[in-house]
A.B. asks: 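This structure is in structure tokens; I'll ask about it shortly.
In this chain, residues are counted from 1 in sequence order. Just follow the structure's listing: the first ligand is 1, and inside any ligand the first atom is 1.
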Amino acid sequence: MPINLAILTIKKAHEGMLSGAFSAVDLATAYLEEIKKKDGDINAFREVFADVIEQAKKADEKFAKKEGVNPLLGIPFSIKDNILIQGRKAGASSKILEGYVAPYDATVIARLKEKGVVFIGRVNMDEFAMGGSTENSAYGPTKNPHDLGNVAGGSSGGSAASVAADFSLASLGSDTGGSIRQPAAFCEVVGLKPTYGSVSRHGLMAMGSSLDVIGPLTKTVEDAEIIFDAIKGEDKYDSTSFSPVKEISTISPKKIGIPKGLLDMGGIDPEVKANFKEMVLKLEKNGYQISEVDLPHLSYSLAAYYIIMPAEVSSNMSRFDGVKYGIKKEGGNLLEDYLNTRGEGLGKEVRRRIMLGTYVLSSGYYDAYYAKANRVRNVIREDFSKAFTLVDAILTPTAPSHSFKIGEKTSDPLAMYLEDIFTVTANLAGIPAISVPSNIQIMAPHHREDILFAIGKDIEKLR
Ligand code: GLN
């Protein structure tokens with residue numbers, strides 16, 4: 001009997017394999033067939049791995065021997081092209097890394113390998129995760145599986161599209177300012193940005209190191225929870241990683257805050273507003289207490305993010321010098337080597353951010369821009385701490401618009417940056433946030449992913 005991928009979840013796939021209704025090889029084969037049929041149009045994958053069936057066979061052997069059986073055994077994953085899998089290519093969808101092979105496993109990959117997942121392939125993204133539409137990939141945009149004329153969102157557009165199109169049951173993406181949540185919203189899947197430091201960044205190509213976090217994109221909130229549990233926790237290779245010490249209370253979260261003035265803000269699509277209001281009403285009818293919360297410095301988030309992030313980008317990108325990694329384009333001297341290598345190897349948006357970042361860090365401007373943005377970051381963090389003494393969670397749309405047309409915003413970087421208006425705050429504050437269909441974002445205090453899962457599951461039911 002063919003497997004109905006459209007309604008599959010991790011739990012159902014696990015039950016199917018456990019009961020023998022289908023094997024891990026059957027499951028992997030079903031996904032590979034979908035990729036063959038549809039990815040020519042969608043362009044989610046940078047590479048489909050050649051050994052998928054062998055990986056699935058190993059999972060089947062474990063099921064047969066009842067060895068290491070767990071909910072993720074044999075579950076097919078796609079992985080964003082900026083997360084390292086030992087011995088496989090990793091390119092961050094950039095030309096500068098052409099031919100680069102990962103020398104070690106990212107910690108998240110090592111943890112998934114222990115669970116026996118099946119890696120289907122690596123997926124497309126905005127170059128070095130800089131963008132919100134996957135149009136900054138050096139290998140063409142990823143199309144939205146629900147509307148091929150539209151973008152899949154970004155930067156983890158390949159991850160979101162691969163789950164939405166049934167090319168894999170789950171995916172790992174990275175989120176620096178919304179790159180898991182916004183494509184999840186655009187492709188109608190679930191995307192979790194965990195608390196900063198709760199998932200190791202070891203083996204993730206760095207973008208903005210004080211903002212970056214790895215997280216899952218899935219069909220359901222429950223699936224995101226299963227994966228988060230498998231990848232989280234302290235790691236000796238990432239000094240910012242940690243396991244929360246406190247046991248979490250089990251009282252169910254009922255108080256939801258909506259940022260004051262949110263719905264009067266300009267630039268939000270009327271449909272997005274209407275959809276958001278409708279969900280708030282439904283939650284209220286179902287026992288949630290909704291109130292307005294004051295986040296007085298919220299409107300400065302985007303400006304602060306677009307200073308702090310490029311500053312960190314400019315320093316992280318200095319390692320791509322044509323010597324240590326990827327392509328090298330010779331010039332007459334060292335400076336020309338750099339100019340040629342980066343000029344040819346890096347796309348426009350990446351170069352723009354390196355320049356912006358270098359500028360805000362330069363001696364005459366450091367205090368005016370970088371230091372000030374960090375002070376703003378601190379007050380935003382305090383705003384959230386205060387708000388979370390009054391409410392369990394804060395609700396906003398994930399993105400101010402639905403998925404837009406391919407090419408619509410490519411000539412206007414500022415319009416593209418405005419896409420991030422609701423997502424960057426969680427990265428600045430370090431708090432966890434989840435996007436659930438349709439286009440609803442929930443934010444919670446540090447280490448309270450449990451709150452996101454509880455409310456997220458209610459929203460899934462109320463849709
Ligand atoms: N769209 C945002 C940006 O371009 C977020 C990117 C990300 O989270 N990696 O910076």
A.B. asks: I'd like to check which ligand 1 atoms, numbered from 1 as shown, lie under 4.0 Å from a non-hydrogen atom of D175.
C.D. replies: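 Heavy-atom distances to D175 below 4.0 Å select 8 (O).
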A.B. asks: Between D238 and R201, does any side-chain N to carboxylate O distance fall below 4.0 Å?
C.D. replies: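 Judged by the 4.0 Å cut-off on N to carboxylate O distance, D238 and R201 do form a salt bridge.
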A.B. asks: Sort out for me which residue in H447, K193, H446 forms a side chain to side chain contact (heavy atoms under 4.5 Å, CB included) with I431.
C.D. replies: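 Answer to the side chain to side chain contact (heavy atoms under 4.5 Å, CB included) test with I431 among H447, K193, H446: H446.
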A.B. asks: Salt bridge check, E47 against R88: does any charged N sit closer than 4.0 Å to a carboxylate O?
C.D. replies: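 No.
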A.B. asks: Compute the minimum heavy-atom distance from Y306 to ligand 1 and say whether it is under 4.0 Å.
C.D. replies: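 Per 4.0 Å heavy-atom rule, Y306 contacts ligand 1.
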A.B. asks: Within less than 4.0 angstrom of ligand 1, does R353 place any heavy atom?
C.D. replies: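 Judged by the 4.0 Å heavy-atom criterion, R353 does count as contacting ligand 1.
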A.B. asks: For ligand 1 and A129, I'd like to know whether there is a polar contact (N/O to N/O, distance under 3.5 Å).
C.D. replies: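 Between A129 and ligand 1, an N or O pair is found under 3.5 Å apart.
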A.B. asks: Minimum distance, heavy atoms only, to atom 2 (C) of ligand 1: which one of V424, T176, D420, N82 is it?
C.D. replies: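 It is D420 whose heavy atom sits nearest to atom 2 (C) of ligand 1.
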A.B. asks: Side chain, backbone, both or neither: which part of M207 comes within less than 4.0 Å of ligand 1 when only heavy atoms are counted?
C.D. replies: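 Only the side chain of M207 comes within reach of ligand 1.
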A.B. asks: Please determine if E449 and K232 form a salt bridge, counting it only when a charged side-chain N lies under 4.0 Å from a carboxylate O.
C.D. replies: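 Salt bridge flag = no for K232 with E449.
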A.B. asks: Hey, do the aromatic rings of F119 and F49 have their centres closer than 6.0 Å?
C.D. replies: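 For F119 and F49, the ring centres are not under 6.0 Å apart.
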A.B. asks: List every atom of ligand 1 that sits less than 4.0 Å from any heavy atom of G177, numbering the atoms from 1 in the order shown and giving each element.
C.D. replies: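 Counting atoms of ligand 1 from 1, those under 4.0 Å from G177 are 5 (C), 7 (C), 8 (O).
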A.B. asks: Do ligand 1 and M130 have nitrogen or oxygen atoms that lie under 3.5 Å from each other?
C.D. replies: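 Min N/O separation from ligand 1 is not below 3.5 Å for M130.
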A.B. asks: Please list, in number order, the atoms of ligand 1 under 4.0 Å from a heavy atom of Y305.
C.D. replies: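 With Y305 as reference, the close atoms of ligand 1 come out as 2 (C), 3 (C), 5 (C), 6 (C), 10 (O).
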A.B. asks: Heavy atoms only: which of G131, S156, P413, S155 is nearest to atom 1 (N) of ligand 1?
C.D. replies: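 Considering heavy atoms of G131, S156, P413, S155, the nearest to atom 1 (N) of ligand 1 sits in G131.
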A.B. asks: Specify whether Y237 and H202 have parallel, tilted or perpendicular ring planes, treating 30° as the upper limit for parallel and 60° as the lower limit for perpendicular.
C.D. replies: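 Rings of Y237 and H202: parallel, as their planes differ by under 30°.
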A.B. asks: Relative to each other, are the rings of Y306 and Y417 parallel, tilted or perpendicular (30° and 60° limits)?
C.D. replies: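 Answer is parallel, since the angle falls under 30°.
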A.B. asks: Give me the nearest non-hydrogen protein atom to atom 7 (C) of ligand 1 as residue plus atom name, then the distance to 0.1 Å.
C.D. replies: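 Minimum-distance protein heavy atom for atom 7 (C) of ligand 1 reads S179 OG, 2.4 Å.
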A.B. asks: Under 4.0 Å between a side-chain nitrogen and a carboxylate oxygen: does that hold for E460 and K457?
C.D. replies: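 Result for this pair is no, no salt bridge flagged.
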